[in-house]
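What follows is a short report on a single structure.
Numbering of ligands and ligand atoms starts at 1, following listing order. Note that this is a predicted model, so its numbers are computed, not measured.
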Amino acid sequence: MSRRQVDVPALVEAARAGAPRAVARLISLVEDAHPALREVMTALAPHTGHAHIIGLTGSPGVGKSTMTNALVTAFRKQGKRVAVLAVDPSSPFSGGALLGDRVRMQDHALDPEVYIRSLASRGHLGGLSSATPQALRVLDAAGCDVVLVETVGVGQSEVEVVGMADTTLVLLAPGMGDGIQAAKAGILEIGDIFVVNKADRDGADATVRDIRHMISLGDRAQPGLWRPPVLKTKADRMEGIEEVLEGIEKHIAWTSENGELKRRRKARAADEIEAIVLSELRSRIGDLRGRHSIDELAEQVALGQSDPYRASDSILADLV
Ligand code: GDP
């Protein structure tokens, strides 16, 4: 089948039946910002809203992959269908490399109820922050109960990506992620659950205290708000994973009861709409630039015959 021709109904049906190849193909369409996406999203929409999206972030080396693996094992024990979506906002063109050769995920490589994928954003103007929600939609409609979104690093774009989750886990390790560092990276605000991994190492209790202290100083200490638990794990030995699962369940219950889950999902949808509108506008402006007007207007502005506001008004009038 050529790149342009996609049998959307068949693909969506196969993905909904859980066929990994169909899911993979749909996510590739997302990465490419393929024209068929419009039809894909229309077909998927009625089947979304079931999956619980769990974001996982933390500095390289804290144990995110090990934790992801441990959580997949734990969710599988509960009979849940799980997807792992690995995103690396700092290198948008490295799709595939992130997870492909990682031995640890081979624990689940043969399990048809576990879908593992890394995400690139080859054609997306908005990058991974706009491709991620669409990929999540695909996994959700494909019948996953849980989607773990793992990001590399703790920069602004990571915060944006995991900020889309229903529940966000922030991983730290003793000595690496003290409270001050966490505050600087902006992760104190986004973490719903903090996990101090590598608890077998010295300083784990001090890091736990540090994070608890920082949380107690912030806005989140107000009554009525979710008070993020700070847990300790040894992910490589599967220790403390039950407590993490319990924390996730409590957070799901809390956000479902008080409307926070709905609010988050609405905010995520708003971001998604905005990203599509912006990329549509950008591409239309690109078309305009190709055709005529910007050059002419720019010349007038440069010569003082017009001003930039008046010039942009005439472009905007052309866009709508
Ligand atoms: P990531 O870069 O955040 O994904 O970290 P990884 O999951 O790749 O883990 C980095 C290293 O830490 C690996 O060698 C893991 O085996 C190790 N590791 C993971 N969890 C623990 C733990 O609880 N204790 C110790 N000592 N090492 C761990």
Looking at ligand 1, does any of its N/O atoms fall within less than 3.5 Å of an N/O of [X]?
| X | result |
| --- | --- |
| M67 | no |
| A235 | yes |
| A199 | no |
| E150 | no |

At a 4.0 Å threshold, what atoms of ligand 1 neighbour a non-hydrogen atom of [X]?
| X | value |
| --- | --- |
| D200 | 22 (C), 23 (O), 24 (N), 25 (C), 26 (N) |
| K64 | 1 (P), 3 (O), 4 (O), 5 (O), 7 (O) |
| K234 | 23 (O) |

Does the pair [X]/[Y] count as a salt bridge with the N-to-O cut at 4.0 Å?
| X | Y | value |
| --- | --- | --- |
| D236 | K198 | no |
| R81 | E113 | yes |
| E13 | R16 | no |

Heavy-atom proximity to atom 9 (O) of ligand 1, best of L56, T66, N69, L171: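 Shortest heavy-atom distance from atom 9 (O) of ligand 1: T66.
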Side chain, backbone, both or neither: P60 near ligand 1, heavy atoms under 4.0 Å: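 Backbone only.
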Where S314 and L297 come nearest, the two heavy atoms and their spacing: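 For S314 versus L297, the nearest heavy atoms are OG-CD1, 3.5 Å.
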Partners meeting ring-ring contact (aromatic ring centres under 6.0 Å, His included) with W226 (sequence neighbours left out):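 Scan of W226 (ring-ring contact (aromatic ring centres under 6.0 Å, His included), adjacent residues dropped) gives H251, W254.
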Any G58 heavy atom less than 4.0 Å to ligand 1: no
D166 vs R264, salt bridge (Lys or Arg N to Asp or Glu O under 4.0 Å): CA-CA, chis, key distance, verdict: CA-CA 7 Å; D166 297 328; R264 276 193 194 197; over 6 Å; no
side-chain hydrogen bond (donor to acceptor under 3.5 Å, both in side chains) against R310, all qualifying residues, sequence neighbours excluded: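 Residues passing side-chain hydrogen bond (donor to acceptor under 3.5 Å, both in side chains) with R310: none at all.
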